[in-house]
Number of protein chains: 2
Amino acid sequence: MTKFTIGQLAQKVNVNIQTIRYYERFGLIEKNIEEESGYRKYSESDVEKMQFIRKSKELGFSLKEISDLLSLKIEPSTKCKEIRKITDSRIENIEHKIVELEKMKNALSKVAKMCDKPDAPICECPILQALNSENEVLKKCH
Amino acid sequence: MTKFTIGQLAQKVNVNIQTIRYYERFGLIEKNIEEESGYRKYSESDVEKMQFIRKSKELGFSLKEISDLLSLKIEPSTKCKEIRKITDSRIENIEHKIVELEKMKNALSKVAKMCDKPDAPICECPILQALNSENEVLKKCH
DNA sequence: TTAAGCATTGTACCTTAGTATAGAGTCAAG
DNA sequence: CTTGACTCTATACTAAGGTACAATGCTTAA
């Protein structure tokens, strides 16, 4: 397993070195010190973890929520009901986000289309109107 | 058009009064003062706007990004190319988010299923493994 | 007409998520 | 064997997005 320094990890996942140390303090990333140098060392799995964290952040999850996901552990039978509960509620939560994103996407498509027409009406806040006019033509515009 | 006070608006959309004033300072919500009382007054369209802001926040958009969407205006021809650019790039951005959320959802489903089996393997970080093992059974677990 | 319960402005504070800086040690190329 | 790039710890600072509080004023039901 290849090992990198913190700077190399930072570069690979395109974050600030301080951010990695911050995640370490937060408990998201483990500290793993090389004996002689006293330098932190990281492996491919840390790269994956960091990428997961960054992606999740972009999707609107907090570090606490990300931590909950990362610290799920499957051990024989013990807490499987708990894991089901967590995963199920998170799946619902994600489905809800997807639905909302789809709505927003549709609204934006409408706005784009509306804008293409040469006789486009003047519109104060086209997104809200597009969002609230499910399937009907925008008529609130004057 | 029904008018509400700030407290009523806050209650309707379930946010703190201070948050509404913060959004006003930020430029997301207009200030509209009633003559005699000096009280802010809000209408149904402010409710819609507030709901849009809250939803968008949950989906990981910043107030700045939300502001950009809300301040899109359609006016005859003038800046329609600009609007296309903004909406198109935002649509792409949303599609990317949806894809990532779908991946995460699938990974969570896998974890849930894995957990249900009586002979579930011990797993250190099942989400990452589920995410990275596109379509294959989780075999990194020991 | 007065107290409770709203509203106003202004300022200060809080949390989350980083980012920067200082002073010291380590590594590797010339 | 030094020099420049990198690391360490510790502490402080920043930015975004709120939240709380104080001093004051308006509203309304008893």
Chemist: For residues A:Ile66 and A:Ile86: do they belong to one hydrophobic cluster (side chain heavy atoms under 4.5 Å, members Ile, Leu, Val, Met, Phe, Trp, Tyr)?
Modeler: yes
Chemist: Reading DNA chain D from 5' onward, which residue's closest nucleotide shows up sooner: B:Leu63 or A:Gly38?
Modeler: A:Gly38
Chemist: Heavy atoms of chain A, cut-off under 4.0 Å: which first and last nucleotide of DNA chain C, 5' to 3', fall inside that, if you could look?
Modeler: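 So the contact region on DNA chain C extends C:dA17 to C:dC27.
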Chemist: Count the heavy atoms belonging to other residues, nucleotides or ligands that lie under 6.0 Å from NZ of B:Lys73, then report whether that count exceeds 12.
Modeler: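 Atom NZ in B:Lys73 is packed in, count exceeds 12.
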Chemist: Any base atoms under 4.0 Å from A:Lys57, or only sugar-phosphate, or nothing? Heavy atoms, all strands.
Modeler: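 Sugar-phosphate contact only - A:Lys57 comes under 4.0 Å of backbone atoms but never of a base.
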Chemist: So, is A:Arg40 near the phosphate of D:dT7, with a side-chain N or O under 4.0 Å from OP1 or OP2?
Modeler: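 Answer no for this pair, as no side-chain N or O of A:Arg40 is under 4.0 Å from OP1 or OP2.
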Chemist: Would you call B:Glu100 and A:Lys97 a salt bridge, using N to O less than 4.0 angstrom?
Modeler: no
Chemist: Do other residues, nucleotides or ligands put more than 12 heavy atoms under 6.0 Å from the CD atom of B:Glu35?
Modeler: no
Chemist: Heavy atoms from C-beta onward define the side chain here; which of D:dA20, D:dG17, D:dC26 lies closest to that of B:Asn16?
Modeler: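 So the side chain of B:Asn16 is nearest to D:dA20.
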Chemist: A side-chain contact here means heavy atoms from C-beta on lying under 4.5 Å apart; do B:Lys3 and B:Glu34 qualify?
Modeler: no
Chemist: For A:Lys113, look at atom NZ and say whether over 12 heavy atoms of other residues, nucleotides or ligands are found less than 6.0 Å away.
Modeler: no
Chemist: Using a cut-off of 6.0 Å, state whether more than 12 heavy atoms not belonging to A:Glu102 lie near its atom CD.
Modeler: yes
Chemist: Can you give me the N/O atom pairs linking the protein to nucleotides 2-4 of chain D at distances under 3.5 Å, or say none if there are none?
Modeler:
none

Chemist: Taking B:Ser109 for the side chain and B:Lys105 for the main chain, is one N or O donor matched with an acceptor at less than 3.5 Å?
Modeler: yes
Chemist: Do other residues, nucleotides or ligands put more than 12 heavy atoms under 6.0 Å from B:Glu95 CD?
Modeler: yes
Chemist: Compare all side-chain heavy atoms of B:Ile53 with those of B:Val13 and state whether any distance is below 4.5 angstrom.
Modeler: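 With C-beta onward as the side chain, the pair stays apart.
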Chemist: Below 4.0 angstrom, which residues in residues 18-35 of chain B have at least one non-hydrogen atom near DNA chain C?
Modeler: B:Arg21, B:Lys31
